[in-house]
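Data first, discussion second: the structure below is written as structure tokens.
What's counted below: heavy atoms across the whole structure, side chains too, no hydrogens, waters or symmetry copies. We count ligands from 1, going down the list as the structure has it; atoms in each ligand are counted the same way. Numbers for residues simply follow the sequence, beginning at 1.
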Amino acid sequence: MSTESIKITINGTDYQVEKGARLIDVCRTNGHSVPSFCYYSDLALQASCRTCLVRIEKMPKLQTSCTITCTDGMVVTTESDEIEKARRGMVEFLLANHPLDCPVCDRGGECELQEMVFDWGGLEERFRERKNYAPEKYLSPVVANDPQRCILCKRCTRVCDEWMGEDAIEAGGRGVNTVIGTYGGWLNCSQCGNCIEVCPTGTLLDATYRHQARPWELSQTITTCTFCSDGC
Ligand code: SF4
Ligand code: SF4
Ligand code: SF4
Ligand code: FES
């Protein structure tokens with residue numbers, strides 16, 4: 001089946017792309033970096049972090065590139081002072097209650113939030129209020145949880161619902177008091193660990209080797225997953 005090709009322009013360069021392609025993917029494929037937290041290509045759209053903002057000609061406001069489908073003649077800008085200011089503002093909100101305790105966080109070294117803050121540098125911190133405190137806990141023998149590090153991207157809830165069909169983990173509370181939690185305080189689920197895997201921060205962590213090794217000390221081995229009978 002042939003797919004229709006359309007022309008879009010990103011940062012002054014023309015590209016032929018498949019009609020219906022998602023803008024954030026097209027930008028990244030063509031070397032125009034766009035940050036994101038809530039976007040995860042195999043999961044339903046969430047569009048809550050707003051770090052993927054771009055400018056699209058003839059649209060009145062900055063747009064979330066994770067929700068935009070490319071159309072013929074679209075002219076996109078991914079880098080400008082206006083975009084950087086907006087993205088930095090979003091991350092400042094994400095950090096309003098964040099402990100930034102990277103030296104003792106098991107995700108440190110492979111954390112998407114840490115990487116972004118480190119790469120950008122000089123992030124403004126205008127919130128001087130006392131940060132919300134939420135104690136660390138274990139949700140199961142496999143899943144450790146530090147609620148204060150959560151940026152509410154909801155990758156975990158979507159992965160549990162959409163990939164595992166379990167819906168075992170959910171966001172509760174409102175506003176700044178929203179936290180990711182379980183129904184009843186304990187995860188009665190298959191313990192697949194996918195929520196840990198997709199979490200971009202140190203909020204959901206592997207409890208089996210907690211505080212025992214840093215990511216850069218681990219070595220990777222190609223193996224067959226023994227979690228279930230699929231063995232994929
Ligand atoms: S979640 Fe990331 S940014 Fe936050 S403390 Fe852990 S490593 Fe640092
Ligand atoms: S371990 Fe798997 S089944 Fe349990 S909450 Fe996480 S994603 Fe859902
Ligand atoms: S626990 Fe992790 S994956 Fe879930 S919403 Fe918080 S930061 Fe996102
Ligand atoms: S990645 Fe687009 S809104 Fe979060």
Side-chain angles (χ1 to χ4, degrees), residues 22-25 27-28 33-41 43-54 62-68 78 83 86-87 90-91 93-120 123 131 136 138-171 180-184 186-208 210-211 214-216 227-228:
R22 193 168 301 285
L23 180 56
I24 190 169
D25 294 334
C27 290
R28 288 173 168 177
S33 117
V34 176
S36 68
F37 283 121
C38 66
Y39 179 62
Y40 202 85
S41 59
L43 296 175
L45 292 176
Q46 171 76 16
S48 59
C49 74
R50 306 191 78 76
T51 51
C52 66
L53 291 171
V54 296
L62 296 179
Q63 302 292 318
T64 48
S65 57
C66 68
T67 59
I68 297 285
T78 66
I83 293 168
R87 287 179 183 162
M90 291 305 150
V91 174
F93 276 121
L94 294 181
L95 294 177
N97 275 310
H98 196 95
L100 278 175
D101 55 349
C102 309
V104 293
C105 175
D106 270 359
R107 191 73 75 184
E110 59 173 5
C111 171
E112 294 176 39
L113 180 62
Q114 182 189 43
E115 206 170 304
M116 187 182 291
V117 172
F118 188 79
D119 281 354
W120 285 2
L123 208 67
K131 298 193 181 211
E136 297 178 15
Y138 286 85
L139 301 180
S140 78
V142 171
V143 185
N145 177 219
D146 187 332
Q148 206 175 338
R149 296 186 186 130
C150 183
I151 56 171
L152 292 173
C153 66
K154 294 194 181 171
R155 289 187 193 177
C156 55
T157 60
R158 284 175 286 155
V159 88
C160 189
D161 181 22
E162 295 168 29
W163 291 6
M164 300 307 294
E166 301 221 19
D167 199 15
I169 192 163
E170 197 38 273
I180 293 297
T182 64
Y183 302 98
W186 191 248
L187 274 178
N188 288 316
C189 65
S190 60
Q191 312 294 335
C192 69
N194 279 321
C195 52
I196 302 168
E197 191 59 33
V198 297
C199 179
T201 68
T203 313
L204 298 177
L205 293 164
D206 193 324
T208 58
R210 192 142 197 239
H211 298 319
R214 308 312 311 254
W216 56 87
F227 176 70
C228 75

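With a 6.0 Å radius and a threshold of 12 heavy atoms from other residues, nucleotides or ligands, Phe118 has its CZ atom at or below the threshold.
Annotation for ligand 1: atoms under 4.0 Å from non-hydrogen atoms of Gly202 are 1 (S). Close contacts of ligand 4 with Cys52, meaning ligand atoms under 4.0 Å from a residue heavy atom, involve 1 (S), 2 (Fe), 3 (S). Atoms of ligand 1 lying under 4.0 Å from any heavy atom of Gly108, numbered from 1 in the order shown and given with element: 7 (S). The ligand atoms of ligand 4 that sit less than 4.0 angstrom from a heavy atom of Ser48 are 3 (S). Close approach of ligand 1 to Thr201 is summarised as follows: ligand atoms under 4.0 Å from at least one heavy atom of the residue are 1 (S). Ligand 4 places these atoms under 4.0 Å from at least one heavy atom of Cys66: 1 (S), 2 (Fe), 3 (S). Residue-ligand proximity, Cys38 to ligand 4, at heavy-atom distances under 4.0 Å covers atoms 1 (S), 3 (S), 4 (Fe). In summary, the atoms of ligand 4 found under 4.0 Å from a heavy atom of Tyr39, numbered by their order in the structure, are 1 (S). Taking every non-hydrogen atom of Cys49 and a distance limit under 4.0 Å, the qualifying atoms of ligand 4 come out as 1 (S), 3 (S), 4 (Fe). Atom numbering of ligand 1 starts at 1 in the shown order; those under 4.0 Å from a heavy atom of Cys102 are 3 (S), 5 (S), 7 (S), 8 (Fe). Interface atoms of ligand 4 facing Ser36, defined by a heavy-atom separation under 4.0 Å, are 1 (S). Residue Ala47 has at least one heavy-atom neighbour below 4.0 Å for each of these atoms of ligand 4: 3 (S).
Of all protein N, O or S atoms, those under 2.8 Å from atom 8 (Fe) of ligand 2 number 1.
The shortest distance between side-chain heavy atoms of Cys52 and Cys66 falls below 4.5 Å. Considering only heavy atoms from C-beta on, Val142 comes within 4.5 Å of Ile196 through its side chain. Put simply, the side chain of Val54 reaches to within 4.5 Å of the side chain of Leu23, judged on heavy atoms. You'll find the side chain of Arg214 stays beyond 4.5 Å of the side chain of Glu110, heavy atoms only.
Here Arg87 contributes atom CZ and Trp120 contributes atom CH2; the two are 6.5 Å apart, rounded to the nearest 0.5 Å. Annotation: the span from Phe37 atom CZ to Ile151 atom CD1 amounts to 4.5 Å, rounded to 0.5 Å. If you take OG1 on Thr157 and CD on Gln46, they are separated by 6.5 Å, rounding to the nearest 0.5 Å. The distance from the SG atom of Cys160 to the CZ atom of Arg155 is 15.5 Å, given to the nearest 0.5 Å. The line from CD of Glu197 to CG of Leu204 is 11.5 Å long, rounded to the nearest 0.5 Å. The distance from atom CE of Met90 to atom CE of Met116, rounded to the nearest 0.5 Å, is 12.5 Å.
Checking side-chain atoms of Lys131 against main-chain N and O of His98 turns up a donor-acceptor pair under 3.5 Å.
Looking only at protein heavy atoms, the nearest one to atom 2 (Fe) of ligand 1 is Cys111 SG, 2.3 Å. For atom 4 (Fe) of ligand 1, the nearest non-hydrogen atom of the protein is His98 NE2, 2.2 Å. Nearest non-hydrogen protein atom to atom 5 (S) of ligand 1 is Asp101 OD1, 3.1 Å. The protein heavy-atom contact nearest to atom 6 (Fe) of ligand 1 is Cys105 SG, 2.4 Å.
Side-chain contact of Ser190 with Glu166: a donor-acceptor pair under 3.5 Å is present, judged by distance alone.
Among Lys154, Gln46, Arg50, the residue whose heavy atom lies closest to atom 3 (S) of ligand 4 is Arg50.
Ionic pairing of Arg149 and Asp146 is present here: one or more N-O contacts between side-chain nitrogen and carboxylate oxygen are shorter than 4.0 angstrom.
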